[in-house]
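Every value quoted in this text rests on a predicted model; they were computed, and no experiment measured them.
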Amino acid sequence: MNTIRTENQNGIVIVTFDAPDSPVNTMGEVWQADMDALAAQLAAEKDSIRGIVLMSAKKTFFAGADLKGVMRMDMEEAPRRFFTEIERIKRNFRTIETLGKPIVTCLNGAALGGGWEVALLGHYRIAVDDPKIQLGLPEVSIGLLPGGGGITKMTRLLGLMAAQPYLLESKLFNSAEAHRLGLVHELVGSADQLLNQAKAWIESVQAQPEAAQHLWERKNYRMPGGAPTDPKIAAALPVVPALLKQKTRGLYPAPQATLSAMVEGAMVDFDTAMRIESRYLASLLASPVTKNMINTFFFNLNAIKSGQARPKDIPKYKPQKVGILGAGMMGAGIAWAQASRGIATVLKDVSIEKAEQGKAYSQKLADKRVAKGRMSEDARQALLDRITPTGQATDLKGCDLIIEAVFEQRDLKAKVIREAEAVLAENGFFAAGPPQGEKSPLGGQRTSQSGEAWGPLFFASNTSTLPISGLAQASQRPEKFIGIHFFSPVDKMQLVEIIRGQKTDDETVARAYDYVLALGKLPIVVNDSRGFYTSRTFGTYIMEGAAMLGEGIPAAAIENVAIQAGMPVGPLAVMDETALSLSVHVLDQTRADFAAEGKRYEATSGELLVERMVKELNRPGRAGGGGFYEYPQAGKKHLWSQLKNLFEKPRTTWSAQEIKDRLLYRQSVETARCLAEGVLTSVHEANVGSIFGIGFPGWSGGAMQFIYGQGVEAFEKRCAELAERHGDGFRLSDEVKEAIRRFEPRW
């Protein structure tokens, strides 16, 4: 065997998973063949075996399925081939777990997806008591379902209702929670203790036949909570599909298939349930949604987390103390994000009173967590102690990063940048090395006279649209100036867009990347341009919605079709939330910038409609009293009644499919343009950025995967049709067509 080692120690067979030349164990083709051999070997040696221990030679226990193999499968052959493969794996599992020999699984690290299903082979499971160890079945989150026995076994272990969060929502758990749930039977302090404890348990259960059986194989087994025929379960189950449909909008087949496999499997014997599970898994492989989601939520996300876009050979940076200029909504949110991850934060505004108001935002969030039992009072106080509100720039002394988070206005941003840098320079904290006797909080390649490692302070702007290279002109050190674009609300949004200016050096990009990861968020790195990637592309979504309204399409149709397509919020509703007046401000700034360059900016029809809403109709958005929607004090928001009279044209022809295509294709075209122009440099950042930054539908796999999912030629054809009817926003240049083909993933 190539990926598995066995050793018989006094009748106890130690099975060690150890894939060569790989940091993790996976269910690849070689491993599947090895499992055939292992099952045959254990069956042949059955009479000399007193017990079996399953272990891993890796830092983790088992990583799961070989998803690259899944991506390489032809969609027509995938269901049949995958059904055959998963049934083969289950057959070997079943042979081993029904030998009548007690089996112990030793969990030294993570066991996710197929890895957790391997772990469930054991009749007894021991885990290292480490909160960082993740266990569970995340398949639904990438468009699959747990088909290696995970659904059938978890349902029988926990019951139909209790298993739902772990199967339908991909909820993960650590060792301690697994022990509480009864999924792990014993906890140990370190991996060194696993084998001895496993052997001790096996010795203790000799001549006890039930120890070599799973719970559902024992006499008098009853499913926890009751079977589907139980009156209480039967009454509750019909509600679940409706709730699931409400949440997924019918766009994600995996949760529905998982629920069906759970319920149907609970009504039959174990082996039939396992086969039902396999069939549902195989059926998902025929859905393009599955490959879209695997591509983005597994491979693309891992590319982000592993730092593929981070400049290489630069020391790791760990933020110690970070200053924030501006304690408004964004500054206060960033302060929370930093303090909650253990980073000392200086929150500066024009006065101590305004800075205190910004800190109060963290107090509010922390209080909610304490009230819900998700945070202790001591932890709350420790978090708040990390935030120092101030009205004095001199309090920024000792910060290794300063983030400007003031209003989106170039002159204002330039002013606060100059003021902060002037104070820092006067105190010697904006130089190439530390003041004498002052130890740098940074790692770096320079050294001071005393030989201490040092890297200079760097400066960031939290801007959503203004080009970083222009803002960097206000800085003394443009090579140490970068854009770090957070999304609102900061405490909930995972994505952070890092913008490299024309003069930004690699060291600064690497440090910004490390800073974002230290916050537990997802960084994408883009090159400088107006609106960067996310704001620029998001702008096409909301302005296409406004354009359709101006053409006479009913506002309700635009909003509802957007939701049906998988966008989290309709374009008109999201414009209200972000403020129509902000869009007009950006338009005015763009016109001014073009004029300064001797050019004329031609506003789109959507931009002109929004401008009319604000300047003529006095509808600036929700914060200003109302925009496309009305916001009554009592009752739910609703579309402004005057939209019908002002814009709707009864003779306008439209279809739901046309609205959906305009909203999704327009964003994908702009994404492809960003790739062609070099604003984006990878497909994985395009996909992750579009989903986590602007809410592009997850079922599509992201804005670029949407193109590849349609098929490049089909996408080009549809764009040509839309361009003919709705303008150049859908037109693909030869450069864009070439970029789409050049970046297409090859499996």
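Using a 30° and 60° split on the angle between ring planes, H485 and F532 fall in the tilted class, from 30° to 60°.
Salt-bridge formation is detected for the pair E507/K480: a Lys NZ or Arg NE/NH1/NH2 atom is positioned less than 4.0 Å from an Asp or Glu carboxylate oxygen. Salt bridge E607/R591: absent, no basic N to carboxylate O contact under 4.0 Å. Ion pair R673/E670 flagged as a salt bridge, since at least one NZ, NE, NH1 or NH2 atom sits closer than 4.0 Å to an Asp/Glu carboxylate oxygen. The residues R731 and D728 are annotated as salt-bridged, a charged nitrogen and a carboxylate oxygen being separated by less than 4.0 angstrom. Between K615 and D588 a salt bridge is recorded (basic side-chain N to carboxylate O distance below 4.0 Å).
Surrounding CD of E677 are more than 12 heavy atoms belonging to other residues, nucleotides or ligands, all under 6.0 Å away. Atom CD of Q642 has more than 12 neighbouring heavy atoms from other residues, nucleotides or ligands inside a 6.0 Å radius. More than 12 heavy-atom neighbours from other residues, nucleotides or ligands sit within 6.0 angstrom of CD on E616.
Checking R622, R619, K636 one by one against E630, the salt bridge (Lys or Arg N to Asp or Glu O under 4.0 Å) holds for a single residue, R619.
In the model, Q705 has no side-chain atom that pairs as donor or acceptor with a side-chain atom of T296 under 3.5 Å. Y317 and D400 share a side-chain donor-acceptor pair at under 3.5 Å. No donor-acceptor contact under 3.5 angstrom links the side chains of D593 and Y601, judged on distance only. Donor-acceptor pairing under 3.5 Å is lacking for the side chains of Y665 and E544.
No cation-pi contact links K637 to Y631, judged by a cut-off of 6.0 Å to the six-membered ring centre and 45° from its axis.
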